[in-house]
Amino acid sequence: MAASTPNMSKAQQQIGRLPIAPIIPDLLATLALHPRVIVSAPPGSGKTTGLPLCLLDAPWLAGRRILLLEPRRLAARMAANWMASLLDEPVGQTVGYRIRLEKKISSATRIEVVTEGILTRMLQDDPSLAQIGAVIFDEFHERSIHADLALALCLDMSESLREDLRILIMSATLELDPLHRLLDEAPLICGQGESYPVALRYLPPALTRQQPNHLYDFQHTVRITTAAVIQAFNEQGGDLLVFLPGIGEIKAVADRLGVLAQEQNCLIRPLYGDLSGSLQDEAIRPGRQRRIVLATSIAETSLTIEGITTVVDAGYRRSPRFDPNCGMTRLITERVSQAGAKQRAGRAGRLGPGICYRLWAEAFHQTLPPHNRPEILEADLCRLALELCQWGVKDPSELAWLDLPPAGPYAQAITLLHDLGAVDGNGSLTPHGQKLATLPLHPRLGHLLLIGAELGQLDAACDLAALLSERDPILPAPHGERSADLELRFMALAAFRQGRQGELRSLNGDLSSCRRIDQVSKRLHQLGNQPKKHPNASFGLGSLLVYAYPDRVANCRPDSPERYLLAGGRGARLAIGDPLAGLAFIVAPIIDAGHREGRIFLAAEITLKELRDLHHQLISSHSKLYWDERDCLVSRKEERIGAIVLSTTPQAVLEPNLMLQALLTRIRKEGLSILPWDRKARNFQARINSLRCWQPEAGWPDLFEATLLENLEDWLAPYLNNLLCLSQLASLNLLAILEAGLSWEQRNLAAQLTPVQITVPSGTRHPLEYTDDGRSPILSVRLQEMFGLEDTPLVCNRIPVLLHLLSPASRPVQVTSDLRGFWDTTYPLVKKELQGRYPRHHWPGDPRTAPPTARIKKKKN
DNA sequence: CTCTCCCT
């Protein structure tokens, strides 16, 4: 190693003792030839601190810096401190770090440890990374959305600008094949770790719970986990770490373990993210008493707990999933992955051999998903979409990904960016979008900051953006709910800033969260634009929030003070008894989408007056027509914010065109039978439709039901002017209306070709009944009236009518279209019967020449 | 019955 690096020999000795040491020569040789390399080594191998130091004197580095990416701030700071201490230097010399709000870097710095978001910003500012010779992705198996994005950008950039850039991916457990392909068959180097064996014991619950997709059962999980903890506590010595999906389960199990804790003099320590910093520290710190630490997945990767020899894994995790349909995220409870379970078990083997109790069957283990789903498949992609737009990418598939950002959430993200004015119709960033990209915030909150600054509300906007992007500074009461009211958070922040500790405590405020929010807010203040003067602008919190969350304006429902309707169309509710409940309007930026109804966690009041005065652009106003109970049209003017109706005012004057449209829509819905059809109109329709069948080329109009419904505007609408009620339809003369659709010539021709009536030999006129489908029209006539006629009468010059021949009492005798055939073959047969039944009538032997009659025969003289 | 991180 080069003499230019101070104290390298001492560092070299230390690194030589790490489990990762044997692969270092191989790694150096490989990196000299291949710019992209994958290193796989288990936790505890020393790769995070050992490898970057070994690369310092590589010739290809040519004086440039090494970037080491860490997924968490704490890990970044610790890695930098550890490497600096190996060099006997303070951090900030050869080794430095950069995380949000904190930077220890100097001109001498050669290794820069950064958190993942920082790399994205560096790339956006200098896409060639001119000062950087190597980028190392640590803990890449966690597949955070930031790491995936940063890798996609790095690969894109290195291909076009920097083929010499070394990209080193370090991973503990990962499906390496896809990564291998993504990196053009990059060489893979595997190293050993140093951890102790962990024995696995499977404690399967009842068989019915083994189905891969069974519904999650809170009480069942609490029951079996409690039992397993007691068993493990009695069977093993040392401290226990228990993995549960969430705070609810942790509290329930803690309650059930109370007796054990007293009898055995052991400590029950909950551990989850919302816990105050001091309580988290207390859970992590080993002591003289035996401990049972009840943790969420926070202990899987983020926190290491000393002294644990036994792990109990309930087998579930809770994780967020973005729903592009409602633009919100919901928490789901899902089975732990095989990789996650391995990680959890590994927590028992840090100091010596350990044991892990798994609450599922060994055979069932194979049905668990192999890995946690990458965050990019489940997260809100708004920020990622903004970065891609800034990178100049219109379609994510232009870049190379392990998992392409899913289309639904991506489209939702672009829509939101468009609504915020950050991208134009082409998907290019607007100047406003450019500014949003430079702010370390979700685009919604960046928008809030910029608008707030413009309105002279920079202070409030910074506090709001910081509050909404950091952990809630109000802690949940031990067994109670916490109010969703954002004002409480502002009160806690004010109490913190003014050093009023007692007030902060009485609000159940968390000191470390307040400190963090205050820092972030101050930083945002520097980034925000200079406030313009708006002397009269005094904004409520809610009013400011609406700029970032116009879709989360919510209106109290009449049935319950806790239930609200969101402008986006979904329902959401406050906790029972929340002081905000009952307010007519709130804005709710933090919501869990839930299943049927969402849950509101943070909200602020807004008044109708504020909505009208300051957010009139959200209010749409239009007339809407309704059918009243008498099926008459009434008009109301409606003001809305999305799904929320602000007001309805009855209107006396109806817009004729809207009335007509409403009427036509109603007729389409009900069908043509709602119109006053009579026999004449139906027969006319049938005649014209028959003509259309018989003379397809003659241009007869189409009066079939489906076509008429489709063309209501053309043939019916002119007769519907000023009609208000369905009952008024009865006054329509449908025959006249249909006839008007034919020319004078067509009408005459139709009358000639398809007569309405026909005169039979007896001299009587009988109606012809037509059908729609071109079958022969029906002529119902007494048999005797047809005497003297040889052939079937025709319509349309060639279509024989269908004769329904009747007895003198109008009973059916025969149906035929062939009168001649009837006279020849059937008449002689029926004649005998008719004579018997109707003896007073005349039944001639030769009906073709006999005179027709409708009367009974004369008495014999 | 609220997961966890992260942002010049």
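Note that the structure is predicted; figures quoted are calculated from it, not measured. Residue numbers start from 1 in every chain, and the chains themselves are labelled A, B, ... in the order their sequence lines are given, proteins ahead of strands.
- Contacts of A/R72 with the nucleic acid, taken as non-hydrogen atoms under 4.0 Å apart, involve only primed sugar atoms and P, OP1 or OP2.
- At least one donor-acceptor pair closer than 3.5 Å links the side chain of A/R162 to the backbone N or O of A/S128.
- Every residue two or more places apart in sequence or in another chain that forms a side chain to side chain contact (heavy atoms under 4.5 Å, CB included) with A/D510 is listed here: A/S276, A/L475, A/S512, A/S513.
- When each of A/A437 and A/D592 is assigned the nucleotide of DNA chain B with its nearest heavy atom, A/D592 is the one assigned upstream, toward the 5' end.
- The span of DNA chain B lying next to chain A, judged by atoms under 4.0 Å from heavy atoms, is bounded 5' to 3' by B/dC1 to B/dT8.
- As judged by a 4.0 angstrom heavy-atom cut-off over every strand, A/I247 is placed among residues touching the sugar-phosphate backbone only.
- Side-chain contact check for A/E334 and A/S319: at least one donor-acceptor pair (N or O, by modelled atom type) lies under 3.5 Å.
- The residue among A/T296 and A/I99 whose nearest nucleotide of DNA chain B is located toward the 5' end is A/T296.
- Nucleic acid contact class of A/T120 (heavy atoms, under 4.0 Å, all strands): none.
- Contacts of A/S469 with the nucleic acid, taken as non-hydrogen atoms under 4.0 Å apart, include base atoms.
- Of the possible donor and acceptor atoms, none in the side chain of A/D323 sits under 3.5 Å from a partner among the backbone N and O of A/M328.
- When heavy atoms are screened at a 4.0 angstrom cut-off, A/P320 is found touching base atoms of the nucleic acid.
- Not counting sequence neighbours, the partners of A/R516 by the salt bridge (charged side-chain N to carboxylate O under 4.0 Å, His left out) test are A/E470.
- Here A/R471 lies in heavy-atom contact (under 4.0 Å) with sugar-phosphate atoms only.
- Backbone-only engagement by A/I298 is indicated by non-hydrogen atom pairs under 4.0 Å involving sugar-phosphate atoms exclusively.
- A/S158 places a side-chain N or O within donor-acceptor distance of the main-chain N or O of A/C154, the cut-off being under 3.5 Å.
- Among the atoms of the strands shown, none is found under 4.0 Å from any heavy atom of A/R317.
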